[in-house]
Amino acid sequence: MPAGFWRIFNRLNEQSLGLGMYSSHGKVPMFRMKPHMPTLVSAAVVLVLGLLVFHQGHLDPGDIPAHERSSLALVIAIIVSGLLFIVSTGRLWFKHLWHDRYR
């Protein structure tokens, strides 16, 4: 296979996996210091859906089991969105990577 094919294949593979890195001219990949956007957006969606379920469950004032289920759904949504937020900002938790190497 020609070398150009593998270069294009590797670039497409990195973009489709969303690894948060881009290929440099050398052999070592360079990582971006940004949050991973798909997981950050999914954390927001999970939180909004949890809030909607909570609100829907508390509309009827006499249905106590629905209140409990909606409160449980909100707690689960907060936990899942919190974990997704931690995963998406995982690169920013390492302060030793924050310095500028190219000054």
Side-chain angles (χ1 to χ4, degrees):
M1 292 269 167
F5 169 78
W6 290 111
R7 189 177 313 128
I8 293 171
F9 177 76
N10 286 336
R11 181 167 292 162
L12 289 175
N13 194 18
E14 288 174 359
Q15 290 174 356
S16 68
L17 291 176
L19 296 176
M21 61 184 174
Y22 57 92
S23 59
S24 61
H25 295 290
K27 303 267 184 192
V28 180
M30 297 177 66
F31 289 89
R32 292 178 288 186
M33 290 300 291
K34 292 182 180 179
H36 192 242
M37 280 308 191
T39 55
L40 198 59
V41 169
S42 62
V45 168
V46 166
L47 187 61
V48 167
L49 288 176
L51 287 171
L52 288 175
V53 168
F54 178 76
H55 178 65
Q56 186 68 26
H58 282 270
L59 285 179
D60 187 12
D63 195 5
I64 301 299
H67 290 251
E68 293 172 359
R69 284 193 303 266
S70 64
S71 298
L72 180 65
L74 180 64
V75 168
I76 290 172
I78 289 172
I79 291 171
V80 169
S81 64
L83 289 175
L84 285 172
F85 179 76
I86 289 172
V87 167
S88 67
T89 59
R91 297 181 196 129
L92 303 174
W93 292 79
F94 301 102
K95 291 184 180 183
H96 66 279
L97 298 175
W98 290 5
H99 62 85
D100 186 16
R101 295 180 184 174
Y102 304 108
R103 279 196 235 181

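With sequence neighbours excluded, no residue forms a side chain to side chain donor-acceptor pair (under 3.5 Å) with Ser81. Scanning for side chain to side chain donor-acceptor pair (under 3.5 Å) contacts around His55 gives an empty result, with sequence neighbours left out. In this structure Ile79 satisfies the side-chain contact (heavy atoms from CB on, under 4.5 Å) test together with Val75, Leu83, sequence neighbours excluded. Shown here are the side-chain contact (heavy atoms from CB on, under 4.5 Å) partners of Ile64, two or more places apart in sequence or in another chain: Glu68. Among residues two or more places apart in sequence or in another chain, the side-chain contact (heavy atoms from CB on, under 4.5 Å) test is passed with Val45 by Val41, Leu49. Under the side-chain contact (heavy atoms from CB on, under 4.5 Å) criterion, Ala66 pairs with Asp63, Arg69, sequence neighbours left out.
Atom OG of Ser42 and atom CE of Met37 lie 11.5 Å apart (nearest 0.5 Å). Here the NE2-OG distance, from His58 to Ser70, works out to 3.5 Å after rounding to the nearest 0.5 Å.
Sorted pairs that involve residues 73-92 and meet ring-ring contact (aromatic ring centres under 6.0 Å, His included), not counting sequence neighbours, are lacking altogether.
Grouped by direct or indirect side-chain proximity (heavy atoms under 4.5 Å, Ile/Leu/Val/Met/Phe/Trp/Tyr only), Val46 sits with Leu72, Ile76, Val80, Leu84. In the hydrophobic clustering, Leu47 connects to Leu51, Phe54, Leu74, Ile78, either directly or through intervening members, whenever side-chain heavy atoms lie under 4.5 Å apart.
When all heavy atoms are compared, the tightest approach of Ala77 to Gly50 is CB-CA, 3.6 Å.
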